[in-house]
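We name chains A, B, ... by the order of the sequence lines, and we start the count at 1 in each one. Since the structure is predicted, the reported quantities are computational estimates derived from the model, not experimental observations. Note: hydrogens, waters and symmetry copies are ignored here, and every other heavy atom, side chains too, is used.
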Amino acid sequence: MILDTFEALAMVSAIFAILILGTTHLRTNLSFYSLHTMAIAAVTAWIANITHEDHLYLVAAGVFIIKSWGIPWYLNSVIKKINIGTDGGAFIAAPLSMHLGALMLGLSFMISQQIPGLIGEPDSRLGSTAAMSILFTGVLLMLTRRAAISQIVGFLVIENGIYLFAVTQTHGMPLMIEMGLLLEVLVAVMVAGLLLFNIKKSFEHIDVSQLTELKD
Amino acid sequence: MIAINTEAILETLAFVAIFLLLPPLLVGIIRKTKARFQNRIGAPLLQPYFDLMKLMSKGETISKHTSWIFRSTAAINASLLIILAFLAPWTSLRPFNLGADLFLVIYLLALTRFFTVLSALDAGSAFGGFGASREVTLALLVEPAVILCLAAIGSVSQTSDLGIAFSFNNVSLINQPGLWFIAGCGLFLASLVELSRMPADDPTTHLELTMVHEAMILENSAANLALVEYSHFLKILILLGISSQCLLHAIPFFWHTSQLILALASILSIMILAASIAIIESVAVKLRWTKLPEFIAYSVAMSIFCVFIALSKNLN
Amino acid sequence: MINDPTTLSAANLFTSASAIWLAGLVIIAVGRERVKSNFLAFLMLAGALLTLGGAALSWNQSIEYNQLQYISFGLVPADSIVDSLSVPFLGLLGILASAAAVASPCHVDSLNSQGKKGHYWKLTFIFLIGLQQVLLAANGIAFLVFWEIMSLSSAGLVAADHVRHRAQRAAFAYLTATRISTAFITAAFLWMHQNTGSWSLSSWHFGTEQSIVAAALLLIAVCTKAGVWPMHVWLPLAYPEPPGPTSAVFSGLVGNISIYLLMRMLLAGECHHLGIAYAAIALGTISALWGVLFALMERDLKKLLAYSTVENMGIILTAIGVAILAHCHNLDTIATLACAAALFHTLNHGLVKALLFLGAASVERAVHTRDLSALGGLAKNMPWTMLCFFIGSLSICAMPPMNCFASKWLVYQTFFQLSFANAPILERAMSLAMVGILAFVGALSLACFTKAVGIAFLGRPRSNAAAKAKESTTSGPDGLILAQVILAIACVMIGTSVPIALDGLAPALRHLTHDQFVIGSTLFPIPQGQLALVGGILVSSIYLFVLGGRSVDVKSYITWDCGFGPLSTRAEETGSSFSHPIGRIFSQILQLKVTTEISGKDRRHFPESVRVETFMTPILETKLYRPIMGLFDWLSASLVRLQTGSIHIHLLYVFLTMLLLVFLGTNI
């Protein structure tokens, strides 16, 4: 099958998302996340180009500036401050979880073949494949990692997946909503980063698997 | 009866000259680039040639514990790699169409490894032993990635003959930049490991904690060592050549250009890859042995993506 | 049926081979110690050569004869049939039995007790007769009878060294496996007889709905007998035990005969069932991975070879699975490739594994141990064994230009071509994944056999016995060495002339695929022979011109020791340390644990003694088989309560049984 350019870009972003899974080194994770979000910004811009919906250009710029530069930069500085370079340990070995993520890509392809009547012109099965795969990847990331910072990255990846689904299938939501969402993500990450400082301060680690101690 | 024309003879001569002369130059490029990165002038570009010549004239010392395996490995590996140079599609200029079956290519490479590992074990030194042990471990992790990348390309072109798949006139592969690019990346990452380059092995140290390839050839000297080094250089040429060919196929421009430009581009791209190895070695650190599977996993992931693309290509 | 002169002579050859072996059995039973071992070996060789000749005469046409019809098994007489499928296996039997016969005299002469000698000859002759007649059997009953003869005599061979606890355990495990497999085969045969009303093997077709149960039963039986995961646990126990020369026949044919049964029933019998195909592929894949992984970690040379059999049986089973799969989707070229791959790999593996087991037997004879950590440096004292073992290792790692490369290539090609064939996408994905898995298995087996050759034969001797090893009992190469040389030459010959070998298998392939236009030589397009020739010329010219001219300059010195002075052999890599990095990666499956103990006053800086131990718990045995065996123990313990010893209770049982039988008889 021949891919449209935006589908190819969506696939690229999905692949970068899967590559995040491959290492427990947090800085590498963030750079892959940044590349992954850049690809998503490019998808948005390209869709704006083919559908002539000019507000999508603005959204693309917002995604590019806030999500692929701002957030990684902020999280990088958090990492530097709390002085934790790698995720302490993964429940599934990082290489395995990456291969699992790659298999999930195949699975999401098969699922997206089954989704009845996706609206939108052009009808993009591959776009939804990529979006779903990014969603799975984010969930996998949150499931397998221990460090709280990986949880944040996982959450961001999930958010990207949902966004990509919307953008490829319905060509995005109105500008106000998109911008609101972007701001909300930004705020959420800020808050999470602040929380990280506090967790680190009171527990000396950011291992979320040990948060069960907080029970009762 | 083979028609004798000057063009074919010229091509053949050029091909033989390239694969005999280029390999040491590649290593020269790598060393020079690294030296420049470290703010040194570095040895001349042609130093590897001088080294080889110097080694040829030296007297040889071998361990008294070795058997015929050690004595013959250098010659066997050199000839295997020469055969591979004729078979494998490492450049677009291939005057002989010998039918480069992908499994044959992989298994010939494995055969060189078989001999290298045995000759490392032959002298009974501790170095040779753990070098061999690490080599087979790395090979084990890399092998599936290499074969899957190539098999995915072969599967799209519906033939296991790499000569046909890499021939720049295969209609089924013309609009597959994604497949070619990802396969090229996967193969390049895998070659870094197979060639004992930086993230997997540091080719410049002789520290037993780090070395893989150097540990295995510790007992070789003089002409024997020259042959081993030359075969290793040739292996660099072939493996980088295959990955650079994949990357070239990803660029549509090269599908519609003349043979000469293509040949020059393939030589140039091999050199660029060699330089990029040097860059990687300058900016990256050698990974800890236990972290290596993580690195190789990226190559395997690339090969899985290749497989997906191949499967969706032939969707019916 | 006997009218054609070829038919007659081929049939005569087979019958006389059996007769000669039977005569050998009688002679050893009557003559006891008066019989020279050379004479018996000659009888064995004659039978083997006659079998080989019969196979050669009948390779292109199937013959049926009933020279043994006076042996009647009640329901049917012992009909024999030689069709194109059994010919390759008969040929393999001929070659392996010849090698074993050549190797036998020196083995028997080294045995000290007369009882052991007699035991060896009797069981070997019975085993050979059983093997040959199983391959010739035309009907189910004859097949089962000779199958039993073969199984029991081989169990006897496993128990040859029965005073040792290890051999007893192995024999019990092997007997259990053969019992299970015979039970399942019997069930399958009865089922098929019920379906078709015939006992003739060739009249059974597995294409119908009702025959699926029989096919599944057969698959289980074959997996048990061939040693496919998870029924392989007996194999590493039993394979190392048979005495040296017969271990060639044992390792080369016991597994292969069951593969032969599977081919004859499911492939030639046209089984078209996806479930069976998937099961075969899945089991085959797991056992290929499992076998080679455990082979790699093994320290015992023969157990290593045994686990490698598990791997190869797995690969063959996947090929058979794909053949069935391809039949289901009407993909004829792939079916042909898969059948060729399975058949050729079975034969090659039989040949190579026999060669390797003879090599291991030779090592064991010279050093009196099979433990890799006590071997090393044997290349100097045992050059012939080393060379043959090396060739065998090259072959079993599927290195070009050896014979196994051709068959492994066919396996690869089968999966590769399935990946772009007209099949469901999941199957195509599976086939590409299988290409990757096969590459993985190949790399593991490379690691495994470089370990076997490198640790056992290269380096410096790790024990006194290894340093003083002597290759043969006589001054020149003796029978055991000669047998290895024969098999090694056979491997190289097949490897360099694959098209001819495949042409020779073409009738069998036609029989398996039901396609009359199969041409063997076109299946494998790589000119291995020419490549080997070019490679040989290149190597020798490099050797002469680059290395050879300066041999005067070569100085012999000690191995590099960093200037520390003479290295102890304990500094060498051992078998376990060689495979340890890989073991660490798969420590979950292998249950590999390492404990390190460092002691001394200041143990951080000046350790006085360091003790490192590695443990491996076989996960399947402990997690699967021990509970099952526990269950059986408990069951039998509870059943003991039935046996009270009181005669009245026992009479009550008889009465109740009679009542039950009457009840069953009247109602059904």
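- There is no contact between B:Ser119 and chain C, counting heavy-atom distances below 4.5 Å.
- The contact between B:Phe115 and chain C is made entirely by side chain atoms (from C-beta outward), counting heavy-atom distances below 4.5 Å.
- Counting heavy-atom pairs under 4.5 Å between each of B:Ala74, B:Ser125, B:Ser79 and chain C puts B:Ser79 at the top.
- Ring planes of B:Phe114 and C:Phe390: tilted class, angle from 30 to 60°.
- A 4.5 Å side-chain heavy-atom check between B:Leu102 and C:Tyr412 finds every atom pair outside the cut-off.
- Your options are B:Pro293, B:Ala78, B:Gly59, B:Ala123, and the one with the most heavy-atom pairs under 4.5 Å with chain C is B:Ala123.
- Using a 4.5 Å heavy-atom cutoff, the side chains of C:Pro581 and B:Trp289 are in contact.
- Between atom CD of residue C:Gln413 and atom CG of residue B:Asp101 there is a gap of 6.0 Å, rounded to the nearest 0.5 Å.
- In this structure, chain C has a heavy atom under 4.5 Å from the backbone of B:Ala139, while its side chain stays farther away.
- For a residue to count as touching a neighbouring chain, one of its non-hydrogen atoms must lie under 4.5 Å from one of that chain's; by this rule B:Leu148 touches chain C with the side chain only.
- Here the closest heavy-atom approach between residue B:Glu219 and residue C:Trp560 is recorded as OE2-N, 3.0 Å.
- A side-chain donor-acceptor contact under 3.5 Å links C:Arg428 to the backbone of B:Leu311.
- Between chain B and the residues C:Phe449, C:Tyr557, C:Phe405, the most heavy-atom pairs under 4.5 angstrom are made by C:Tyr557.
- When the candidates C:Ser577, C:Gly376, C:Pro383, C:Ala398 are compared by the number of heavy-atom contacts under 4.5 Å with chain B, C:Ala398 comes out ahead.
- Residues C:Phe416 and B:Gly154 come closest through the heavy atom pair CZ-C, 3.4 Å.
- Between atom CD of residue B:Gln158 and atom CD of residue C:Gln417 there is a gap of 9.5 Å, rounded to the nearest 0.5 Å.
- Between C:Leu446 and B:Ala110, the shortest heavy-atom distance links the atoms CD1-O, 3.5 Å.
- The two residues B:Ala310 and C:Leu432 come nearest to each other via the heavy atoms CB-CD1, 4.4 Å.
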List the steps, then state whether side chain to side chain contact (heavy atoms under 4.5 Å, CB included) holds for C:Lys451 with B:Val117. CA-CA 9 Å; C:Lys451 169 181 160 178; B:Val117 167; over 6 Å; no
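- For the atom pair CG of B:Leu140 and CD1 of C:Ile582, the computed distance is 5.0 Å after rounding to the nearest 0.5 Å.
- With chain B as partner, the option from C:Leu387, C:Thr569, C:Leu438, C:Ile526 having the largest number of non-hydrogen pairs under 4.5 angstrom is C:Ile526.
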Between B:Ser155 and C:Phe420, does a side chain to side chain contact (heavy atoms under 4.5 Å, CB included) hold up when you go through it step by step? CA-CA 6 Å; B:Ser155 174; C:Phe420 51 83; 3.9 Å; yes
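- Under the side chain to side chain contact (heavy atoms under 4.5 Å, CB included) rule, B:Asp122 has a single partner from C:Thr559, C:Val453, C:Leu458, which is C:Leu458.
- No side-chain donor-acceptor contact under 3.5 Å links B:Lys64 to the backbone of C:Lys555.
- In this structure, C:Glu573 contributes its side chain and B:Gly128 its backbone to no donor-acceptor pair below 3.5 Å.
- Put simply, of B:Leu227, B:Asn224, B:Ile304, B:Val146, the one with the most heavy-atom pairs under 4.5 Å next to chain C is B:Leu227.
- For the set B:Thr290, B:Val300, B:Leu80, B:Thr159, the entry with the most heavy-atom pairs within less than 4.5 Å of chain C is B:Thr159.
- At a 4.5 Å heavy-atom cutoff, the contact between C:Ala379 and chain B is made by side-chain atoms alone.
- Contact detail for B:Leu118 and C:Thr450: the closest heavy-atom pair is CD2-O, 3.6 Å.
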With side chain to side chain contact (heavy atoms under 4.5 Å, CB included) as the test, would you mind laying out the steps for B:Ser133 and C:His580 before giving the verdict? CA-CA 8 Å; B:Ser133 155; C:His580 193 73; over 6 Å; no
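- Per-residue heavy-atom pair counts under 4.5 Å with chain C were compared for B:Ile147, B:Ile106, B:Leu218, B:Leu87, and the maximum is reached by B:Ile147.
- With a threshold of 4.5 angstrom between heavy atoms, C:Leu394 approaches chain B through its backbone and through its side chain.
- Between the OG atom in C:Ser556 and the CD atom in B:Glu60 there is a gap of 10.5 Å [rounded to 0.5 Å].
- The nearest pair of heavy atoms linking C:Pro400 to B:Leu111 is O-CD2, 3.2 Å.
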Audit row: B:Tyr107, C:Trp409, side chain to side chain contact (heavy atoms under 4.5 Å, CB included) steps and yes/no: CA-CA 10 Å; B:Tyr107 270 87; C:Trp409 186 88; over 6 Å; no
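- Ranked by heavy-atom pairs under 4.5 Å with chain C, the first of B:Thr61, B:Val136, B:Ile62 is B:Ile62.
- Proximity to chain C (any heavy atom under 4.5 Å) is shown, for B:Ile76, by both the backbone and the side chain.
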